[in-house]
S.K.: 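Sending over a structure as structure tokens; questions will come in a sec.
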Amino acid sequence: MELRIYWEILCRRRWLFALILSGSVIPTLILCFFVTPVYKATTKVLALSQDVNTRLTTTVPSSLGKLESSLSADTLAGSIKVMLENKETAIRLIDDLKLQKQKGIPFLATEIMDSGIINLLMNKTAIGVKLLEESDIFELSGFSSDPALAVQISEKLTLYSLKLRENLTRETTGKVVRLLTKETIRLKRIIEDSEEIIKNYKVHNMAINLDEKATSYTSQLSESELSLAKLAAEKREEHPDIRALLEQITFIKRELQDITNKQMKLSKLQGMNTALTNVYTSLLADLEKAKILKAMSITNFMVIEKAQIPDTSKKYYKYFPKKKKMLALALIIGSFLGVIAVYFKEYIDDTIKSPRELKAWTGQKVLATIPMLKNTEMFPPTEVLPILEAVSDLWLSIKIAATTQENRKYPHILTVTSYGEKEGKSLVSANLGLLLSKNGHKTLIVDFNLRGHFLSKLYAPDEKGLTDFIAAVAENKKVDLQLFTLLSNNLYFLPTGSISRTDMVRIANSPQFPAFIEKAKNEFDVVIIDTASLNKSRVPFFMAKESDATIVVVEAGKYQLENIRWAIDELKENNAIIAGIVLNKLVGKSNAGIAQ
């Protein structure tokens, strides 16, 4: 579908679009100009969330693990936010500031905690706590129709947050103190056990004065080796003295090796004891720092922006309503919903709304389009009406088609009909008759609408007409030419008749009707027959069959497409010659799609 067609659809249903747009904009305007404004005062607080454990236990070796407290750096900000947004905080705030509704009724905690637009419209007072993403900054906001009260609410929230952080810090440092105390006691016990193990090891393994023993054995070993060297030069290897020296040297070496092993074991035990002692010393230092922090109650809170609403610039602190943003949003939402509604309505609407659709779905030529005319008298027709322009195109299209198909100037008998009632049959018949008479054609307009006979009531009420003519022919009576009422120069009118409706139905099937057709052809250049609607009577099908051409009038947007198709198919089945279709009450350009 081309963009132009989308635009035409939007223009055609502009009232639906305007209705939905106004339904969005008008309530917004009411909110903007008639609702009491709500102001927002905000205090920004920086909460340093360094883990207490990190500050107090930096010297503890990782091999001993990490002391865990109930509040870490990852959970501090969220914990404070949750504590500020609970009912106890809201109740405390209501009591401290004596917050009441207009009738003196105290606020509920749930009402104060809700900072949504609907609640602010109703109660005008609320609190808000927001933690900025990827930061330790809190926004503590107070909402109220009174700017001073909004500032007070924000300041109270700030005070509550400081006390909460102080309590959390005290609680956390208290837990750390208890944990460090427990850990130091445990380490002290381990150190004492370690010292006892070292002592027992020395006693049971004769590891006391190992260095002196090692020195003594080393000296003995050197002396034995010198003696062995002297004896080896003087005596044989089998000599008892040499054997005794060799055994002594072996014993000394074994003892020295044993001393070395004992020294290594003892050194390891002493090293572990030293490490535990160092950790113990560090924990004692951390414990003292924790006790100091607990006593000082350090909060690590910093107010980086204080809540304020100066009287000279209150409009900049207005939270609701924000006129420009709300109106812009209302226009966007209203336009979006309006466009959706327009095209949805167009999607479900299968009535004919343009000559292009009419030709595409029926396969018939669109002879002319008549625009939607408001505040215009349609009857009696005059030359100044815009309808004459469309009727002129209609007649020109009929003459062109007739000349092409049957080599004649124009059809003599024209039937004007439609699927339903009040689609414009009489309007087209009257204006076409006026046009032809002005062009020099002797024209007769026949009202053969046995159900409505609108033209008869307009031009010749209570006068004899077509049915009287047929009745006279049936009784072999002389036909009174005065049945044809002269409306203007070359324009005549034949009313339905003055007999009853029952007789009209009988006469509609009379064999004398062809006599009227023949007489009309002889007396007039063009005969225009205005009939009933096709969905109410079968008479129009009979008249269409007896006519040289049939004009079908369709009112834009009134009947469904399947009904128009049914009318066209029925006319074809009754061997009617369809000249084309006139699209009436078209919204938009009247000349769009003429003679398509």
Side-chain angles (χ1 to χ4, degrees), residues 45-86 88-89 92 129 131 135-136 138 159-205 207-208 262-302:
V45 178
L46 175 62
L48 299 178
S49 57
Q50 183 182 2
D51 193 347
V52 175
N53 293 330
T54 303
R55 296 203 307 267
L56 298 181
T57 59
T58 54
T59 59
V60 179
S62 59
S63 59
L64 294 181
K66 181 179 178 181
L67 299 178
E68 296 293 339
S69 67
S70 61
L71 197 63
S72 66
D74 296 333
T75 61
L76 173 63
S79 299
I80 294 177
K81 185 176 185 296
V82 171
M83 290 179 179
L84 286 174
E85 290 180 329
N86 62 21
E88 293 182 1
T89 302
R92 183 180 176 186
V129 180
L131 176 62
S135 71
D136 296 327
F138 284 90
L159 179 61
Y160 295 162
S161 64
L162 290 174
K163 290 186 176 296
L164 281 174
R165 179 60 192 268
E166 181 180 341
N167 293 336
L168 288 173
T169 302
R170 184 180 291 111
E171 178 186 353
T172 302
T173 52
K175 287 187 176 182
V176 171
V177 167
R178 291 192 294 274
L179 289 171
L180 288 174
T181 302
K182 181 179 178 180
E183 193 69 15
T184 53
I185 293 173
R186 185 178 69 87
L187 280 176
K188 184 178 180 182
R189 187 180 299 112
I190 293 174
I191 291 172
E192 291 174 352
D193 292 341
S194 175
E195 290 175 349
E196 185 67 24
I197 291 172
I198 293 172
K199 181 179 179 181
N200 292 333
Y201 181 82
K202 288 181 177 180
V203 172
H204 291 96
N205 293 277
I208 301 173
K262 289 179 181 181
Q263 284 179 330
M264 291 177 61
K265 179 67 175 178
L266 185 59
S267 177
K268 186 175 181 181
L269 290 174
Q270 290 174 342
M272 292 179 61
N273 182 266
T274 302
L276 289 172
T277 302
N278 292 335
V279 172
Y280 176 73
T281 304
S282 299
L283 288 181
L284 285 177
D286 291 335
L287 178 59
E288 291 301 319
K289 287 191 292 185
K291 290 179 179 179
I292 294 173
L293 288 174
K294 181 179 179 181
M296 294 177 62
S297 298
I298 298 175
T299 60
N300 288 330
F301 256 39
M302 180 185 298

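Residue numbers run from 1 in the order of the sequence given.
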S.K.: Quick one, Lys265 and Lys262 - any side-chain contact, counting heavy atoms below 4.5 Å?
M.R.: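 Contact flag for Lys265/Lys262 side chains = no.
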
S.K.: With sequence neighbours excluded, tell me which residues meet side-chain contact (heavy atoms from CB on, under 4.5 Å) with Thr274.
M.R.: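 With sequence neighbours excluded, Thr274 shows a side-chain contact (heavy atoms from CB on, under 4.5 Å) to Asn278, given in chain and number order.
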
S.K.: Which residues pass the side-chain contact (heavy atoms from CB on, under 4.5 Å) test with Leu284, not counting sequence neighbours?
M.R.: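 Checked Leu284 against side-chain contact (heavy atoms from CB on, under 4.5 Å); matches are Thr184, Tyr280.
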
S.K.: Roughly how far, to the nearest 0.5 Å, is the CZ atom of Arg189 from the CG atom of Leu187?
M.R.: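 Interatomic distance, Leu187 CG to Arg189 CZ, rounded to 0.5 Å: 10.0 Å.
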
S.K.: List the residues meeting side-chain hydrogen bond (donor to acceptor under 3.5 Å, both in side chains) with Gln270, not counting sequence neighbours, and say none if there are none.
M.R.: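 For Gln270 there are no side-chain hydrogen bond (donor to acceptor under 3.5 Å, both in side chains) partners, ignoring immediate neighbours.
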
S.K.: Considering non-hydrogen atoms only, spot the tightest contact between Leu287 and Val177 and give its length.
M.R.: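 Smallest interatomic distance, heavy atoms only, reads CD1-O, 3.5 Å.
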
S.K.: Check residues 190-199 and write down every donor-acceptor pair under 3.5 Å in which the side-chain atom is one partner and the other belongs to a residue at least two apart or another chain.
M.R.:
| unit_1 | atom_1 | unit_2 | atom_2 | d |
| --- | --- | --- | --- | --- |
| Ser194 | OG | Asn273 | ND2 | 3.2 |

S.K.: CD1 of Ile185 to CG of Leu283: how many Å apart, nearest 0.5 Å?
M.R.: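 Going from the CD1 atom of Ile185 to the CG atom of Leu283 covers 11.5 Å.
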
